[in-house]
Amino acid sequence: MPNKKLNRQLRVYRYVFYKETLVNPKEQFWSFLGAFVGIGIIAYIQSLSLPNLENLFLIGSFGASSVLIYGAIQSPLAQPRNLIGGHVVSALVGVTVAKLFPDILWITAPMAVAFSIVFMQITKTLHPPGGATALIAVSGGTKIASLGYWYVLSPVLSGALILFVVALIFNNITKNRHYPVKESRLRRSRRIQLRKKNSQ
């Protein structure tokens, strides 16, 4: 009997996982196009502005953000507040940690990531690629370090805004895709919790 229950549960999990990972080819097309254009614009601006310097505009965390805001647009972590706020908060944390503990990577790297997570949680801007943004601030080399707090404005804020504008365009072209999500499960569950709390 326990084996039958376990096998049934495994079949249910496999089915749910399969359904969750099914993506319509049209969705794949718009995800590809949005990511291509968003990252392409940032790369193009960099090639015009800084052809001979290190990659300053095209930071790695933007690739991870693209996965969320073009490929998983329903996710609460992909919404505009999280995208822009998460990157900016994490960049501020990363630069601050780098200034407080210069040249001690074994301290700055874990502190930047850990504090960025906490501050994103406090500000309700949790965005997983933000951890990478904070890490880049402390380990991105001399060009990133020399930017100081300018790193927050450019490449971080400017790049996040470019990704956001492209997401607004490409995620709203068809009637099946809506960004930002107005009725996310997270917001719904939060409203239910608040109603329960207020009724007590």
Exercise for the section: Starting from the C-alpha separation in whole Å, work towards a yes-or-no answer on side chain to side chain contact (heavy atoms under 4.5 Å, CB included) for Leu157 and Val152. Expected result: CA-CA 6 Å; Leu157 178 60; Val152 179; 5.5 Å; no

Fill in the blank from the handout: Nearest heavy-atom contact between Gly85 and Thr125 is C-CB, 3.7 Å

Exercise for the section: Spell out, as yes or no, whether a donor-acceptor pair under 3.5 Å connects the side chain of Ser75 to the backbone of Ala72. Expected result: no

Completion exercise
Sorted by chain and residue number, the side-chain hydrogen bond (donor to acceptor under 3.5 Å, both in side chains) partners of Ser66 (sequence neighbours excluded) come out as none

Exercise for the section: Rounded to the nearest 0.5 Å, what's the gap from OG on Ser139 to CD1 on Ile144? Could you check? Expected result: 9.0 Å

Problem - Test item: Ile122 and Val89 side chains (from C-beta on) under 4.5 Å apart, heavy atoms - result: no

Practice task
Answer yes if Val67 and Ile69 sit in the same cluster of Ile, Leu, Val, Met, Phe, Trp and Tyr residues linked by side chain heavy atoms under 4.5 Å apart, and no otherwise.
Solution key: no

Handout entry: Donor-acceptor contact present, side-chain Gln121 to main-chain Leu126, <3.5 Å
Key = no

Problem - Ile136 side chain reached by Tyr151 side chain, heavy atoms, under 4.5 Å - result: yes

Practice task
For residues Leu68 and Pro128, determine if any side-chain heavy atom of one lies less than 4.5 Å from a side-chain heavy atom of the other.
Solution key: yes

Handout entry: Pairs involving residues 84-95, ordered by first then second residue, that meet side-chain hydrogen bond (donor to acceptor under 3.5 Å, both in side chains) (sequence neighbours left out)
Key = Ser65-His87, His87-Thr133

Practice task
Over all heavy atoms of both residues, which pair between Val138 and Ala112 is shortest? Give the atoms and the distance, please.
Solution key: CG1-CB, 3.9 Å

Exercise for the section: Starting at CH2 of Trp30, measure out to CD1 of Ile169 and round the result to the nearest 0.5 Å. Expected result: 11.0 Å

Practice task
May I have the step-by-step check of side chain to side chain contact (heavy atoms under 4.5 Å, CB included) for His178 and Asn171, ending in yes or no?
Solution key: CA-CA 6 Å; His178 303 286; Asn171 290 338; over 6 Å; no

Handout entry: Nearest heavy atoms of Leu168 and Pro180, plus distance in Å
Key = CD2-CD, 3.9 Å

Fill in the blank from the handout: Leu163 and Gly38 have their tightest heavy-atom pair at CD2-C, 3.9 Å

Completion exercise
Shortest non-hydrogen pair, Val97 vs Met111, comes out as CG1-CB, 4.1 Å

Practice task
Report the relative orientation of the aromatic rings in Phe32 and Phe36; use parallel for angles under 30°, tilted for 30 to 60°, perpendicular for over 60°.
Solution key: parallel

Problem - Lys99 side chain reached by Val95 side chain, heavy atoms, under 4.5 Å - result: yes

Handout entry: Side chain proximity check, Thr96 to Phe101, heavy atoms < 4.5 angstrom
Key = no

Problem - Pairs flagged by side-chain hydrogen bond (donor to acceptor under 3.5 Å, both in side chains) wherever residues 100-120 is involved - sequence neighbours left out - result: none

Handout entry: Interatomic spacing from OH in Tyr44 to CD1 in Ile162 - rounded to 0.5 Å
Key = 12.5 Å

Handout entry: Pro155 side chain near Ile42 side chain, heavy-atom distance below 4.5 Å
Key = no

Practice task
Inspect the surroundings of OH in Tyr149 and state if more than 12 heavy atoms from other residues, nucleotides or ligands are less than 6.0 Å away.
Solution key: yes

Fill in the blank from the handout: One should read off an interatomic distance between Phe164 CZ and Arg81 CZ, to the nearest 0.5 angstrom, of 13.5 Å

Exercise for the section: Answer yes or no: is there a side-chain heavy-atom contact under 4.5 Å between Pro76 and His127? Expected result: no

Problem - Neighbour count above 12 (heavy atom, 6.0 Å) for Tyr179 OH - result: yes

Exercise for the section: State, yes or no, whether a side-chain contact exists between Arg177 and Asn172 at a heavy-atom distance under 4.5 Å. Expected result: no

Completion exercise
What one should report as the nearest heavy-atom pair of Leu135 and Ala109 is CD1-CB, 3.7 Å

Practice task
Mind running side chain to side chain contact (heavy atoms under 4.5 Å, CB included) on Tyr70 and Leu33 for me, showing each step along the way?
Solution key: CA-CA 9 Å; Tyr70 304 119; Leu33 202 58; over 6 Å; no

